[in-house]
Amino acid sequence: MRRKIIAGNWKMNKTLSEGLALASEVVNIAQDEVPSGVSLVLCTPAIHLSQVAAILKSADRVFLGAQNMSEHESGAYTGDISADMIKSVGAGYVILGHSERREYHHETNAQLAARVKLALNKGLTPIFCCGESLATREAGEHVGFVNNQLKESLYELSAEEMSKVVIAYEPIWAIGTGVTASSDQAQEMHQSIRASLAGQFGEQVAGQVSILYGGSMKPDNAAELLAQPDVDGGLIGGASLKARDFIQIAKSY
Ligand SMILES: O=C(CO)COP(=O)(O)O
């Protein structure tokens with residue numbers, strides 16, 4: 001059975017006090033309302049992690065994640081955050097290769113391959129993001145494009161390593177735009193990602209990897225997306241900034 005995961009990517013939002021209030025509200029509501037098979041992950045700004053960790057200690061199904069990580073273990077990389085640092089504050093997840101990082105910070109598939117490997121070596125669960133631009137989709141090249149992102153960043157891993165990775169498919173044209181992929185478009189891509197994983201790592205591993213959908217997922221469209229057989233959860237941006245909306249999405253399962 002694959003894990004069902006609803007992850008919130010807060011991006012660069014919330015001051016510390018606002019973030020702590022949001023985390024507390026999520027924990028309080030989740031306790032009673034989130035279905036037992038669903039895990040929540042809060043990917044907060046790095047500067048909030050250690051204090052949010054203290055709030056999540058009492059919650060059994062709400063986990064903590066960072067939004068980015070260096071491919072270097074330590075050293076003279078001003079402003080960067082290492083895997084050991086993320087672990088040391090109590091986070092177990094890290095988003096890698098978000099399209100905003102790829103675009104504004106020029107992260108490459110090769111660099112992301114090194115980060116995924118290092119995160120796994122350090123015992124962190126990478127949430128590896130992939131997804132195409134509108135131009136790539138309109139050219140009919142979206143399936144090949146995403147497959148190439150997987151190939152260049154994940155396909156040097158062992159099968160055992162791969163089974164520990166979470167993938168998030170986030171079509172760039174759906175992020176923060178209010179335009180969601182239709183459930184058919186999401187299912188088509190998720191199925192193709194799983195088929196590609198099966199070709200590389202075997203059916204068993206492909207069947208274990210949770211593939212999340214991200215891009216304008218909201219309380220009113222989550223149920224249909226989450227009902228697709230290859231959609232195993234969501235990576236939520238805007239709607240994760242309101243505890244009620246975030247929990248409502250998790251309850252749509
Ligand atoms: O980028 C996303 C999550 O990582 C999605 O953002 P939105 O939910 O705001 O579209």
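Indexing begins at 1, ligand by ligand and atom by atom, following the structure's order. What you see below is based on every heavy atom in this structure, not just the backbone, and it leaves out hydrogens, waters and symmetry mates.
- Under the rule for a side-chain contact (heavy atoms from CB on, under 4.5 Å), the partners of Thr136 that lie at least two apart in sequence or sit in another chain are Glu132, Ser133, Glu141, Phe145.
- Within the structure, side chain to side chain donor-acceptor pair (under 3.5 Å) pairs that include any residue of residues 43-61 do not occur (at least two apart or interchain).
- Judged as a salt bridge (Lys or Arg N to Asp or Glu O under 4.0 Å), and not counting sequence neighbours, the contacts of Arg244 are Glu33.
- The aromatic rings of Tyr213 and His190 lie tilted to each other, with the angle between the two planes from 30° to 60°.
- Hydrophobic clustering (ILVMFWY, side-chain heavy atoms < 4.5 Å, transitive): Leu212 and Leu112 are in distinct clusters.
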Start with the C-alpha gap between Leu40 and Ile247, add the side-chain angles, then the distance that decides, and say whether side-chain contact (heavy atoms from CB on, under 4.5 Å) holds. CA-CA 9 Å; Leu40 303 182; Ile247 298 291; 3.9 Å; yes
List of N/O pairs, ligand 1 versus protein, all under 3.5 Å?
| residue | atom | partner | partner atom | Å |
| --- | --- | --- | --- | --- |
| ligand 1 | 1 (O) | Lys11 | NZ | 2.8 |
| ligand 1 | 1 (O) | His98 | NE2 | 2.8 |
| ligand 1 | 1 (O) | Glu170 | OE1 | 3.4 |
| ligand 1 | 4 (O) | Asn9 | ND2 | 3.0 |
| ligand 1 | 4 (O) | His98 | NE2 | 3.0 |
| ligand 1 | 4 (O) | Glu170 | OE1 | 3.2 |
| ligand 1 | 4 (O) | Glu170 | OE2 | 2.9 |
| ligand 1 | 6 (O) | Lys11 | NZ | 3.3 |
| ligand 1 | 8 (O) | Ser216 | N | 3.4 |
| ligand 1 | 8 (O) | Gly237 | N | 2.9 |
| ligand 1 | 9 (O) | Gly238 | N | 2.8 |
| ligand 1 | 10 (O) | Gly176 | N | 2.6 |
| ligand 1 | 10 (O) | Ser216 | N | 2.7 |

